[in-house]
Engineer: 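What follows is a single structure, and I will ask about it in a moment.
Labels below follow one simple rule: chain letters A, B, ... track the order of the sequence lines, proteins then strands, and each chain is numbered from 1. Owing to the predicted nature of the structure, the values given are computational and were not obtained by experimental measurement.
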Number of protein chains: 2
Amino acid sequence: MPKPRVPDANSGLSDQAVSRAARVSRVSRADKPVRPDKRAAILDAALGLFSRFGLHGTSIDQVATRAEVTKGNLLYYFANKEELYVSVLRDLLDVWLAPLREFSVDQAPEQAIGDYIRRKLAMSRDRPDASRLFCLEMIQGAPLLGTILDGELRTLVEQKSDVIRAWVADGKLAPVDPHHLIFALWGTTQHYADFAVQVSALTGKTLKDVAFFAQTVENVQRIVLQGVAVR
Amino acid sequence: MPKPRVPDANSGLSDQAVSRAARVSRVSRADKPVRPDKRAAILDAALGLFSRFGLHGTSIDQVATRAEVTKGNLLYYFANKEELYVSVLRDLLDVWLAPLREFSVDQAPEQAIGDYIRRKLAMSRDRPDASRLFCLEMIQGAPLLGTILDGELRTLVEQKSDVIRAWVADGKLAPVDPHHLIFALWGTTQHYADFAVQVSALTGKTLKDVAFFAQTVENVQRIVLQGVAVR
DNA sequence: GTCTATAACGAGATAGAC
DNA sequence: GTCTATCTCGTTATAGAC
């Protein structure tokens, strides 16, 4: 039996690489949801589940159900479960690395670092699933991301580290090790995505809350910026 | 065949919740490793696997093999997989909360925060498995830890938050929101455990490396302490 | 308490009709 | 391209001998 689905309007979430326009299903005529391409719907459903329950905690059937396709159909698009998982990961890599790529050399250090914090926190707010998925990968030793990420990320990090080193040399920044500064930036910002449950349990708030988001940006910026400022 | 188990004195596991004397297997006569109690061996093996691959990524058989018991025997000690998992979690809770418990009211803020950073980083070094396991739990929405942790942790955090608030009120600390400061402390320190693969991929070092550990403590302390110092 | 054997089930993947 | 049916295997959990 065919199942009628509730249309569900697309409340435009627009701008930024951070957004996820392709995710939302649109309505064609009356009741039948139309997905531009089913592949994207599957990837999207998979992301949502993998990022919470991991590869083994998620069944193909669950993904299929969520994507509103059958298991058989899913396996027409993706040869097997692992291929699906890796596809999700690879598709997400650019989004994931975007904030660091934008880490600007041309700005003053406080500006560059402050902006980076804001972007990363926006990522934690808009794409917590991405954050969680990469976190899960890391915890397991990045078996499937290993090589892909290692080379690309390493290069990127070394680039940005050079910038930071230059700032320190120019006396524009307190003498911090670039790697540790970057880890601190990652740690403080990703925490709000990966430990969102804990954050909301303790504060009663979510980054979706506009005021709380602003307050978070402000606090993280204050701590880190003052932490690396020249006295 | 019944196997003779050496009673084996409990060589006091002494200092710090952070150490893990019970893990190491010892040799009795010639070649046979003797475990004080099998239950502990199972819990230990389970922790190692669960903290990497999660509940669903780990099979009972793998745990049994690692603990050097049979699957059947394991299920004599723990009724089912989930009970084993929860036992691991519960046994670890005190260890996990220890650093925050020691967060001292009697010290000066810089001292208290600096010490806390050191203790948390020592935890990331000595018990990365604990850190990873709780991280996995959080990512999944803490389904099994939820109530246990929520109440206890919440109380503890509120206590410490009051201390921080008092410091701020007394002008001993820059005006930071206690919650965000605590999140920053957690994020920066736990990152070295949960993302250890990434850290070692980018720096070539581990917290086990004495010099790197010292350097890490120093950098994190510098950033955070200067970040919350009164100007 | 500890073992082996096996029942019972879930999930990944394939086959083949439409 | 999409579906249903089915094969197959790994895993959980139980039964029962020792």
Side-chain angles (χ1 to χ4, degrees), chain A residues 1-5 25 28 31-89 136 140 143-144, chain B residues 1-8 25 28 32-50 52-89 140 143-144:
Chain A
M1 260 142 257
K3 348 120 201 214
R5 299 259 165 243
S25 57
S28 66
D31 58 339
K32 213 172 181 185
V34 173
R35 302 268 191 174
D37 63 299
K38 212 165 264 194
R39 201 187 141 86
I42 294 169
L43 283 169
D44 183 51
L47 172 58
L49 291 164
F50 285 151
S51 71
R52 276 226 171 280
F53 313 110
L55 176 62
H56 300 291
T58 305
S59 74
I60 287 183
D61 219 11
Q62 289 174 303
V63 176
T65 303
R66 192 190 248 230
E68 299 179 53
V69 296
T70 59
K71 190 163 60 158
N73 198 8
L74 188 155
L75 288 162
Y76 167 78
Y77 286 95
F78 300 92
N80 53 52
K81 197 183 180 183
E82 189 170 299
E83 185 185 306
L84 171 60
Y85 183 78
V86 174
S87 296
V88 171
L89 227 39
L136 284 175
Q140 292 177 36
L144 296 169
Chain B
M1 262 143 262
K3 11 210 123 130
R5 298 251 169 250
V6 179
D8 164 64
S25 57
S28 67
K32 214 166 179 193
V34 174
R35 303 267 191 173
D37 67 296
K38 213 165 265 194
R39 201 187 141 87
I42 294 169
L43 283 169
D44 183 51
L47 170 58
L49 291 164
F50 286 151
R52 277 227 171 278
F53 312 110
L55 176 63
H56 300 291
T58 305
S59 73
I60 288 184
D61 217 12
Q62 289 174 304
V63 177
T65 303
R66 193 192 248 231
E68 300 180 56
V69 296
T70 60
K71 192 164 55 161
N73 197 9
L74 188 154
L75 287 163
Y76 167 77
Y77 285 94
F78 299 92
N80 54 51
K81 198 183 179 181
E82 189 170 298
E83 184 183 307
L84 171 59
Y85 184 78
V86 174
S87 297
V88 171
L89 227 39
Q140 292 176 34
L144 296 169

Engineer: Between atom OH in Tyr76(B) and atom P in dA17(D), what is the gap in whole Å?
Structural biologist: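 After rounding, the reported distance stands at 18 Å.
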
Engineer: Between atom CG in Asn73(A) and atom P in dA17(C), what is the gap in whole Å?
Structural biologist: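 Distance check: Asn73(A) CG to dA17(C) P gives 18 Å.
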
Engineer: Look at the side chain of Lys38(A) and the backbone N and O of Leu74(A), then say whether any donor-acceptor pair between them is shorter than 3.5 Å.
Structural biologist: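 The answer is no, because no donor-acceptor pair under 3.5 Å joins these two groups.
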
Engineer: So which protein nitrogen or oxygen atoms get under 3.5 Å of nucleotides 12-15 of chain C's nitrogens or oxygens?
Structural biologist:
from	atom 1	to	atom 2	distance (Å)
dG12(C)	OP1	Lys81(A)	NZ	2.8
dG12(C)	OP2	Ile60(A)	N	3.0
dG12(C)	N7	Lys71(A)	NZ	3.3
dA13(C)	OP2	Lys81(A)	N	2.9
dA13(C)	N6	Lys71(A)	NZ	3.3

Engineer: Can you tell me the distance, in whole Å, between the CZ atom of Phe78(B) and the P atom of dG1(C)?
Structural biologist: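 Atom-to-atom, Phe78(B) to dG1(C), this comes out as 13 Å.
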
Engineer: Whole-Å distance between dT2(C) C1' and Arg39(B) CZ?
Structural biologist: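 It is 17 Å, rounded to the nearest whole Å.
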
Engineer: How many Å lie between CD on Glu68(B) and P on dC3(C), as a whole number?
Structural biologist: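 Spelled out: CD on Glu68(B) to P on dC3(C) is 11 Å.
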
Engineer: Has Thr70(A) got a side-chain N or O lying under 4.0 Å from the OP1 or OP2 atom of dT2(D)?
Structural biologist: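 The answer is no; no side-chain N or O of Thr70(A) sits under 4.0 Å from OP1 or OP2.
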
Engineer: Any side-chain N or O of Tyr77(A) below 4.0 angstrom from OP1/OP2 of dT2(D)?
Structural biologist: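 Indeed, a polar side-chain atom of Tyr77(A) lies that close.
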
Engineer: Measure the CG-CG distance between Leu55(A) and Leu49(A) for me, rounded to the nearest 0.5 Å.
Structural biologist: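 It is 12.0 Å, given to the nearest 0.5 Å.
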
Engineer: In chain order, what residues pass the side-chain hydrogen bond (donor to acceptor under 3.5 Å, both in side chains) check against Glu83(B), with sequence neighbours excluded?
Structural biologist: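 Expected list: none.
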
Engineer: Do you know the tightest heavy-atom contact between Gln140(B) and Arg52(A)?
Structural biologist: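 Of all heavy-atom pairs spanning Gln140(B) and Arg52(A), the closest is CG-O, 2.8 Å.
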
Engineer: Could you tell me whether a side-chain N or O of Lys81(A) sits under 3.5 Å from a main-chain N or O of Thr58(A), the two making a donor and an acceptor?
Structural biologist: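 Side chain of Lys81(A) to backbone of Thr58(A), a donor-acceptor pair under 3.5 Å: yes, one is there.
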
Engineer: Looking only at heavy atoms, which two atoms of Gly48(A) and Ser51(A) are closest? And how far apart?
Structural biologist: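 Answer, listing the atom of Gly48(A) first, then Ser51(A): O-OG, 3.2 Å.
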
